[in-house]
Amino acid sequence: MFKKIKGIVEESVTGVHRLYQLSKAGKLCVPAMNVNDSVTKQKFDNLYCCRESILDGLKRTTDMMFGGKQVVVCGYGEVGKGCCAALKAMGSIVYVTEIDPICALQACMDGFRLVKLNEVIRQVDIVITCTGNKNVVTREHLDRMKNGCIVCNMGHSNTEIDVASLRTPELTWERVRSQVDHVIWPDGKRIVLLAEGRLLNLSCSTVPTFVLSITATTQALALIELYNAPEGRYKQDVYLLPKKMDEYVASLHLPTFDAHLTELSDEQAKYLGLNKNGPFKPNYYRY
């Protein structure tokens, strides 16, 4: 297959992680474009889209109210930030777990209690995973949850919640409706598992066309760039989308909001040492 392929374009966190692993091991045979870490994809798909789809997914499956509910969100990356912002606005009490001290400090400054999962697992009403890791919610955690606790995953693959550990003879599974299972313990305790631990916003809600437009445009441009690149520009490695293209994707979507972009004068551009048409920020800039 690889002999016929000119390049790879990957837009999922986990997929990109695998590509870097292949590259490090010297097993990547073609150039790959990491679209996930382009700013337009990160902010729109991971932050703004999840900010809306977390509520949508939970409402469609459980018809619950969010006010006063205690929620623990595992992971405070872009997805976690979006989920927390939405739930906080709805009046939920939000706890966050995090391994990275920088993300953890951001969570504290945004007004969330930073805890270990073990500390709050008995009292929370909803557990949401968005770490991209595996075994974040284990059987031990599931055993200690209270009756009626809702468990769902907004992270990447279905490895975050250890669903396999629930398929044992002593637990009864009851399909309540599409994508909603009750897992019942011998003492009658139930937890509500959504989409069997798969991605909640892909399984139980929808991704808005506007967000898809942004991610699809970014991917299309990455494909065009790889295909048209002169021989030797891209070697067998993982590359980020050039910032100029990121800005181009964003500018294409501004007319939707009837937004008017200010243009730099020649003098201003010279003062900042920029090209009038961008790129406007250095590669290390964190939006």
E78: salt bridge (Lys or Arg N to Asp or Glu O under 4.0 Å) partners, not counting sequence neighbours: K43
Distance-only donor-acceptor check, side chains Q21 and K27, under 3.5 Å: no
From L58 atom CG to D56 atom CG, the distance as rounded to the nearest 0.5 Å: 9.0 Å
Gap between atom CE of M65 and atom OG of S92 - 0.5 Å precision: 10.0 Å
Residues forming a side-chain hydrogen bond (donor to acceptor under 3.5 Å, both in side chains) with K276, sequence neighbours excluded: D266
Residue among N36, D246, T217 satisfying side chain to side chain donor-acceptor pair (under 3.5 Å) with K41: N36
Exercise: do N147 and W185 side chains pair donor with acceptor under 3.5 Å: no
Backbone N/O of V120 and side chain of R122: donor-acceptor pair under 3.5 Å: no
K243 side chain vs P279 backbone, donor-acceptor pair below 3.5 Å: no
Test item: S213 side-chain N/O and T209 main-chain N/O as donor-acceptor pair under 3.5 Å: no
Under 3.5 Å donor-acceptor, Q268 side chain and S265 backbone: yes
Distance-only side-chain donor-acceptor flag, D237 / S23, under 3.5 Å: yes
Donor + acceptor pair across side chains of T168, E170 (<3.5 Å): yes
Any donor-acceptor N/O pair, S165 side chain to D162 backbone, under 3.5 Å: yes
Flag for Y76-D100: side-chain donor and acceptor within less than 3.5 Å: no
K69 side-chain N/O to V94 backbone N/O, donor-acceptor pair under 3.5 Å: no
Those residues that, when tested against F210, pass ring pair (Phe, Tyr, Trp, His ring centres under 6.0 Å) (two or more places apart): H253, F257
Heavy-atom donor-acceptor pair, T61 side chain to Q179 backbone, under 3.5 Å: no
Any donor-acceptor N or O pair under 3.5 Å, side chains S12, E10: yes
No-hydrogen, no-angle side-chain donor-acceptor test under 3.5 Å, N158 and E196: no
Short side-chain donor-acceptor distance under 3.5 Å, Y95 and Q70: yes
